[in-house]
Amino acid sequence: MHDTTALLRSAASDYTPADNSRFPKLHRRFPTTAYLRQHARSHVPSFAFEYMDGGAGGDGGIARNWNAFDAIELVPRYGVTTTLPAVDIELFGRRYSAPIGIAPMGGPSIVWPGADQYLAAAAQRARVPYVLGLVGGMMVEHAAEIAPDVLWFQLYRCFRNEHAIGFDLLRRAQAAGVHVLVLTADVPVRTTRPREVVAGITSPFQPDLRMFAAILRSPGYLQSLWKHGQPRFGNLKPYAGDTADVNEVAAFVRREMAGAFTWEEIGRYRERWKAPLVVKGLLHPADAERCVSLGVDGIIVSNHGGRQVEGLPTSVDVLPAIARAVGGRATVMVDSGIRSGLDVVRAVALGADAAFAGKAFLWGLGALGAEGPLHVIDLMIDEMRAAFGQIGARRPAQARSVVIRHPGALHF
Ligand SMILES: Cc1cc2nc3c(=O)[nH]c(=O)nc-3n(C[C@H](O)[C@H](O)[C@H](O)COP(=O)(O)O)c2cc1C
């Protein structure tokens with residue numbers, strides 16, 4: 001946690017890239033996330049790039065996510081704004097400096113050892129939501145030390161023994177001061193990603209000789225691995241027994257964690273969790289309405305970043321129908337395909353209260369290591385201020401009144 005202290009400083013909701021003295025220099029080299037992705041490709045061992053960048057099937061879902069955003073046009077109106085817009089927002093009673101957050105990810109430390117800590121520290125510094133993934137390397141209690149003001153926590157379904165582990169994680173999250181609990185609904189089955197398979201990524205992550213050779217060719221990665229060690233199932237390890245080695249923990253996790261939450265189970269989590277509850281991974285308005293009727297506070301429209309199955313609709317194409325169905329009764333958020341602040345503005349214009357990104361943050365880590373995540377946030381904020389300003393929206397919510405061409409919109 002020590003080299004995260006430089007990132008921490010104060011977390012004020014009026015954070016802007018101007019607060020990061022490193023931004024101008026980094027911006028000259030990496031002015032968009034595409035540059036980060038490009039650099040990450042050669043900066044990390046090839047298996048790490050395949051892990052962060054690969055999707056289900058032939059990556060068709062990822063490509064469609066990106067194309068869907070690219071196709072959305074916002075018609076600007078002029079003669080109104082004179083200053084850069086403010087982009088801070090309120091989510092579940094707390095102020096955040098922009099409508100962008102870090103999506104939950106399992107195993108980001110495969111991309112860059114220590115990733116969870118760097119993601120958490122950047123989110124705290126910039127005051128944007130950070131969703132710690134259950135199967136990531138970091139314990140929720142540790143994350144709460146690094147990111148006390150912005151910590152959300154994601155759970156998969158740990159169903160055995162009447163959800164004993166799931167409910168214990170909920171208790172720990174509550175004790176750690178997690179702001180929002182996120183239940184991931186969209187992994188009813190485990191799927192494989194061909195690029196990961198070919199790269200030799202396994203669970204638990206255990207580099208073979210070929211991978212070690214690749215690590216030796218990436219000195220920055222090697223140094224970070226030396227410092228942080230290999231990724232482990234931080235949150236789940238305590239339940240596997242004191243003597244369990246990493247293989248036993250992985251087998252335990254596979255056994256305990258399976259299937260999608262049922263509505264009845266979501267209702268039980270709702271009863272027990274006394275703070276805001278979000279369900280992630282919805283693509284149908286009727287499922288969103290069901291969540292609202294169960295008392296869920298927010299939903300994240302998502303196709304898991306194209307990583308589960310290729311043939312799902314893109315989340316941005318179903319977003320307007322879902323936002324209409326929810327009708328302001330819950331907070332509507334979106335992920336899958338966000339690569340820029342402009343994409344965030346498109347999502348907000350189509351009815352999202354906030355957006356999350358996964359891969360873009362991993363590209364930042366892959367290209368820049370510890371300082372990558374903050375640079376991604378800086379880029380996103382910088383770009384969204386430009387885009388909101390261009391369309392005449394002084395505040396994010398005003399983007400809702402622009403005329404939008406959305407060729408892929410799905411009508412239910
Ligand atoms: C490497 C990786 C691991 C992920 N692991 C999880 C996870 O453990 N839980 C979860 O709910 N979503 C997980 N996701 C999905 C993200 O939360 C998010 O839905 C997705 O990355 C958004 O799409 P984007 O990558 O295009 O931004 C993962 C995504 C990536 C890239």
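First listed ligand is number 1; within each ligand, the first listed atom is number 1.
In summary, K280 and D186 do not engage in a salt bridge, as defined by a charged side-chain N under 4.0 Å from a carboxylate O. Residues R193 and E50 are not paired through a salt bridge, judged by the lack of any N-O separation under 4.0 Å between the basic side chain and the carboxylate. With respect to the salt-bridge test (charged N to carboxylate O, under 4.0 angstrom), the residues D59 and R195 qualify. Electrostatic pairing of R125 and D378 does not count as a salt bridge here, judged by no charged N lying under 4.0 Å from a carboxylate O. Using a 4.0 Å cut-off between charged nitrogen and carboxylate oxygen, R94 and D149 do not count as a salt-bridge pair.
Ligand 1 places these atoms under 4.0 Å from at least one heavy atom of G305: 20 (C), 22 (C), 23 (O). Close approach of ligand 1 to S302 is summarised as follows: ligand atoms under 4.0 Å from at least one heavy atom of the residue are 19 (O). Close contacts between ligand 1 and R307 involve ligand atoms 1 (C), 2 (C), 3 (C), 28 (C), 29 (C), 30 (C), 31 (C) [criterion: under 4.0 Å to a heavy atom]. Short contacts between ligand 1 and V135, defined as distances under 4.0 Å to a heavy atom of the residue, involve ligand atoms 8 (O). Near K359, meaning under 4.0 Å from any of its heavy atoms, are these atoms of ligand 1: 24 (P), 25 (O), 26 (O), 27 (O), 31 (C). Every atom of ligand 1 is numbered from 1 in the order shown, and the set under 4.0 Å from a heavy atom of A357 is 27 (O). Atom numbering of ligand 1 starts at 1 in the shown order; those under 4.0 Å from a heavy atom of T184 are 10 (C), 11 (O).
In terms of protein heavy-atom proximity, atom 21 (O) of ligand 1 is nearest to G358 CA, 3.6 Å. Of all protein heavy atoms, the one closest to atom 12 (N) of ligand 1 is K280 NZ, 3.0 Å. Taking atom 26 (O) of ligand 1 as the reference point, the nearest protein heavy-atom neighbour is G337 N, 2.8 Å. Shortest contact from atom 5 (N) of ligand 1 to any protein heavy atom: G106 N, 2.9 Å. Summary of contacts: the protein heavy atom closest to atom 9 (N) of ligand 1 is Y156 OH, 2.8 Å. Among all non-hydrogen protein atoms, the one lying nearest atom 19 (O) of ligand 1 is D335 OD2, 2.7 Å.
Contact annotation: for I62 versus ligand 1, there are no heavy atoms closer than 4.0 Å. When heavy-atom distances to ligand 1 are checked against a 4.0 Å cut-off, P104 comes that close through both its backbone and its side chain. Residue-level proximity to ligand 1 for L362 is carried by the side chain, the only part with a heavy atom below 4.0 angstrom. Within the 4.0 Å heavy-atom criterion, the part of Q154 lying near ligand 1 is the side chain and not the backbone.
Between Y156 and H304, the two ring planes are parallel [angle under 30°; tilted spans 30° to 60°]. Relative ring orientation between W152 and Y96 is described as perpendicular, the plane-to-plane angle rising above 60° on a 0-90° scale split at 30° and 60°.
By the 4.5 Å heavy-atom criterion applied to side chains, R346 and V316 are not counted as neighbours.
Cation-pi geometry between R339 and F69 is not met at under 6.0 angstrom from the ring centre and within 45 degrees of the axis. Cation-pi geometry between R307 and Y51 is met: the NZ or CZ atom falls under 6.0 Å from the ring centre, inside 45° of the normal.
Distances shorter than 4.0 angstrom do not occur between any heavy atom of W66 and any atom of ligand 1.
Formation of a donor-acceptor pair under 3.5 Å by the R254 side chain with backbone atoms of S203 is found in this model.
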